[in-house]
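For clarity, every value in this text was computed on a predicted model and none was experimentally measured. Naming convention: chains lettered A, B, ... in sequence-line order (proteins, then strands); numbering from 1 in each chain.
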Amino acid sequence: MDVTEILEALNREQRSAVTAPKGSALVLAGAGSGKTRVLTQRVAWLVQTEGLSPFGILAVTFTNKAAAEMRARIEEHLSMPLRGMWVGTFHSLAHRFLRAHWMDAKLAQNFQIIDADDQLRLVKRVLNNLAIDDKKWPAKQAVWWINAQKDEGLRPNHIQDEGDLFVQTHLGIYRAYEEACERGGMVDFAELLLRTHETLLNNQSLLAHYQDRFKAILVDEFQDTNAIQYAWLRVLTGNDNKLMVVGDDDQSIYGWRGAKIENIQRFQHDYPQSVTYRLEQNYRSTGTILGAANALIEHNDDRLGKALWTELGEGEPVTLYAAYNEIDEARYIVDRVKQYADEGRAFRECAILYRSNAQSRVLEEALLRSQLPYRIYGGQRFFERAEIRSALAYLKILSQRHSDAAFERVVNLPPRGIGDKSVQIIRETARADNVSMWQAAHHLVASAGLTVRAKTAISGFIDLIDTLDAATEDMDLAHLVREVVESSGLKQFYEKEGGEKGQARLENLEELVTAAQTFDPDDVPLFDETVQADMTLLDEFLSHASLEAGEGQGDINQDSVQMMTMHSAKGLEFPVVFLAGLEEGLFPHQMSVEEPGRMAEERRLCYVGVTRAMQKLFLTYAETRRLNGTDRYNRVSRFVQEIPPELIQEVRPQTQIVRPAYQTSHQVSRVAKEVSGTQFELGQKVMHNKFGEGWITNYEGHGQQARVQVKFDDVGTKWLMLAFAKLEAV
DNA sequence: CGCGTCGTGGTTTTT
DNA sequence: CCACGACGCG
């Protein structure tokens, strides 16, 4: 494809960004404005017009999927394979860097990547060793804290506890956890980035090499980068002007896991010569949908500012349906999908988006009842499934006997008579002798201190692994995986489990064999071939499995209704979109209502949801919603009210539902405001003789049974029985 | 050691 | 309401 062809299909702004002079650039790309196109064409431009070698280009994305897509699209444009070009996620690129420079990074050559699950297990063990009460200091929270520190680029030495018990305790855990990782040659996700950054900083020649190698660096979804990722880009860029970042501050929805929307401002500050390009023409949605999106996001402060426009025409109004309850909501959505399909359209053109996964169940049931095909995205990913992780643990221990995480996982799976007690003894012995559990197990079998029964069981396990190892010596990867699945007893174990669940697990294991069959390390090119030579195919496969969670399986080609959270919908588009559960407390979520900064993020999430729609947008909410076993009476979401009414067409609930005729949905929002059968209403200021002043944020029940949730100025949020609480209106 | 019962708590998710 | 983890019994 030649240059004019590249540029022809672009609008003016897109073209300026693609052909921007070498230098730093910020591309603010609104939803549906052709962002990916600009990125890929930019690379093509750099290669074809600026004469850059792909070898000198670094392109960073947020997900593996995005990376693969980008590579494919660039290859298509250039009609040549992109050998040598670095395209990948922050994590995969850091991983490759560390494999190549493990010595400089002070890592074991055969270091292993541990995923979130391994990490949690490890922290649990650390807590145990430190004799810290898991109840008081939950492992999950500790993991979260440690990762947050690493994401900020902080080592234990950088952190002062200042007498704060919370920090003090977690700091201790962090230290012990680091030691454990060090001992076991384990590297978690955050560590990949942090370690790479440190290695570059501490190694002038290495840094100079990479700074010189990369003549251009491109970053996608820049608004989702965290502090360490930004630092990483900063150090690789050095004093050069070669960093082009693409993002949209209005679509930043991962602040809760460390993403720093401020990185955009920081970029402008750190690269004052940078040029900003705004992509505001939207090629996806109707004018009405964009109008709704623009009006909604206007309610946020501190935006960089951007107004999307389209040439696609006004289109149909946004439809708002006030459902009686969540079942009615689901039925309404299913009916609309059916109607759409009856017009000869495909199911896959419809997406149902929701705030939290718990909402998917009712929707799923309704689809099932109507026998419409659907596919739920998210949930458990392939490589995270228990049976897959177990099989991988067998493979891992074959490759590296000293992997304690793998040892613990499979030593008694399938059950072979090695209980918690025995495992604990092995663990303690290993710790005391400073050896791996595998070695400790060996020693224990040969010494006193265990029952004969336990010894037999343990040596049975050792023999199993050794035999398996010998038997698979000459096998290729796929045969090795099959052999492991069959001889380890996993297959029989899940066969015995039976039922739909066991069947699904067996199928997954079969799929793992297929994955091994089709695994090609050259699809994931390492920095250079010398690194590759040092790793066995099995090790590469295992690394791949840790970094690539695997697309939620299911047939992508099958024509089905798409269901997912709004978070996972980012980057996608559908002709018809349903946003379900637009209720205060659910969306915006209760947890976000209480903290001010998070409301803006919820609104951005809603903006992301709205801007997924190409032609038709449906908003639904339920007046009554059964959630966690109790009925909630939520008001319609503020987000709905932030959309200009003239863009919205309200739909009456359907006739089967018996409800008072006088209740139009507008009145409903008012009626639902008042705590039924009482003198109170939502939002009202109240006084409690013990807790002081506050206001009513939620309620459930009626009359004497009514309970209200009150957010007190001093003591936080509490649920109170109205009958007992003696609240006074203020 | 394995299985059953009780109790608790419950956004969003990638790597 | 339901999924998961902690306990206690056979």
Side-chain angles (χ1 to χ4, degrees), chain A residues 60-67 88-95 113-120 124 134-135 138-140 144 147 150-151 187-194 196 221 224-226 228-229 252-259 326 353-362 365 377-381 383-384 386 412-424 451 453-454 457 543-552 564-571 581 585-595 598 601-602 604-606 608-609 625-632:
Chain A
V60 195
T61 62
F62 213 64
T63 64
N64 288 307
K65 196 173 147 210
T89 62
F90 280 101
H91 296 269
S92 70
L93 294 168
H95 173 224
I113 301 172
I114 58 172
D115 65 15
D117 193 74
D118 295 328
Q119 194 186 21
L120 184 65
K124 276 187 179 155
D134 183 86
K135 289 241 169 60
K140 263 198 163 147
W144 186 85
N147 288 339
K150 289 191 173 189
D151 283 346
V187 172
D188 63 43
F189 289 139
E191 184 73 27
L192 287 169
L193 304 176
L194 183 51
T196 301
E221 305 278 18
D224 285 330
T225 51
N226 63 28
I228 189 71
Q229 287 163 342
S252 162
I253 54 175
Y254 286 108
W256 52 274
R257 63 174 201 221
E326 75 279 2
L353 310 182
Y354 34 81
R355 173 66 234 261
S356 62
N357 285 310
Q359 286 170 256
S360 67
R361 199 177 193 117
V362 188
E365 280 164 10
Y377 286 75
Q380 265 227 317
R381 275 141 207 286
F383 285 115
E384 283 167 6
N412 198 35
L413 193 95
R416 49 174 72 88
I418 307 173
D420 283 346
K421 196 71 192 291
S422 307
V423 173
Q424 205 180 325
T451 61
R453 235 171 95 138
S543 288
H544 167 77
S546 326
L547 276 174
E548 163 87 71
E551 261 303 286
M564 67 196 85
T565 64
M566 288 180 224
H567 278 94
S568 29
K570 195 173 75 159
L586 193 63
F587 189 35
H589 197 277
Q590 193 58 46
M591 301 233 162
S592 308
V593 172
E594 274 143 39
E595 260 181 274
R598 306 183 78 175
E601 184 156 309
E602 291 281 302
R604 292 195 291 269
L605 184 59
C606 189
V608 167
R625 180 177 298 272
R626 182 154 223 151
L627 199 67
N628 300 341
T630 46
D631 286 322
R632 311 224 142 217

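Atom NZ of Lys570(A) is separated from atom P of dT13(B) by 12 Å (rounded to the nearest Å). Residue Met564(A) contributes atom CE, which lies 21 Å from atom P of dT11(B) at whole-angstrom precision. Between the CG atom of Leu194(A) and the C1' atom of dT15(B) there is a distance of 15 Å, given to the nearest Å. Taking atom CG of residue Asn64(A) and atom P of nucleotide dT13(B), one finds them 17 Å apart after rounding to whole Å. Straight-line distance from the CG atom of Asp115(A) to the P atom of dT13(B): 17 Å, rounded to whole Å. For Leu120(A) and dC4(C), the CG to P distance is 14 Å, given to the nearest whole Å. When rounded to the nearest whole Å, the span between CZ of Phe383(A) and P of dT14(B) equals 15 Å. Atom-to-atom, CZ of Arg632(A) to C1' of dC1(C) comes out at 13 Å; the value is rounded to the nearest Å.
For Ala116(A), taking side-chain heavy atoms from C-beta onward, the closest of the listed nucleotides dG2(B), dT15(B), dT11(B) is dT15(B). Listed nucleotides dT12(B), dT15(B), dT11(B) differ in distance to His567(A); the shortest reach to its side chain belongs to dT12(B). Among the nucleotides dT12(B), dT13(B), dT15(B), the one closest to the side chain of Ser568(A) is dT13(B).
Residue Asn412(A) is classed as a sugar-phosphate contact, given heavy-atom separations below 4.0 Å to backbone atoms only. If you check every strand for non-hydrogen atoms under 4.0 Å, Thr61(A) touches nothing. Residue contacts shown for Glu384(A) include a base, since a base heavy atom lies under 4.0 Å away. Within the 4.0 angstrom heavy-atom criterion, base atoms lie near Glu602(A). At a threshold of 4.0 angstrom between heavy atoms, the contacts of Ile113(A) with the nucleic acid are absent. Note on Phe62(A): only backbone sugar-phosphate atoms sit closer than 4.0 angstrom, heavy atoms only; bases stay farther off.
Using cut-offs of 30° and 60° for the angle between ring planes, the Phe189(A) and His91(A) rings count as perpendicular.
The aromatic ring of His589(A) is stacked on the base of dT11(B), with the two ring centres less than 5.5 Å apart and the planes inclined by under 30°. The aromatic ring of Trp256(A) sits over the base of dT12(B), with ring centres less than 5.5 Å apart and planes tilted by under 30°.
Contact annotation: Asn357(A) reaches the phosphate of dT13(B) (side-chain N/O to OP1 or OP2, under 4.0 Å). OP1 or OP2 of dA3(C) lies within a sub-4.0 Å distance of a side-chain N or O belonging to Arg361(A). Distances shorter than 4.0 Å separate none of the side-chain N or O atoms of Thr89(A) from OP1 or OP2 on dT15(B). OP1 and OP2 of dA3(C) both lie 4.0 Å or more from every side-chain N or O belonging to Asn628(A).
Separation of atoms CG (Leu605(A)) and CZ (Phe587(A)) is listed at 4.0 Å; rounding is to 0.5 Å. Taken to the nearest 0.5 Å, the CE atom of Met591(A) stands 8.5 Å off from the CZ atom of Arg598(A).
Comparing His91(A) and Met591(A) by the nucleotide of DNA chain B whose heavy atom lies nearest to each, the residue mapping closer to the 5' end is Met591(A). Between Ser592(A) and Leu192(A), the residue anchored closer to the 5' end of DNA chain B is Ser592(A), taking for each the nucleotide with the nearest heavy atom.
Salt bridge Glu191(A)/Lys150(A): present, at least one basic N to carboxylate O contact under 4.0 Å. The residues Arg604(A) and Glu601(A) are annotated as salt-bridged, a charged nitrogen and a carboxylate oxygen being separated by less than 4.0 angstrom. Asp151(A) has no carboxylate O lying under 4.0 Å from a charged side-chain N of Arg257(A), or vice versa, which leaves the two without a salt bridge.
In textbook terms, a nucleotide whose glycosidic angle is within 90° of 0 is syn, while dT12(B), being further out, is anti.
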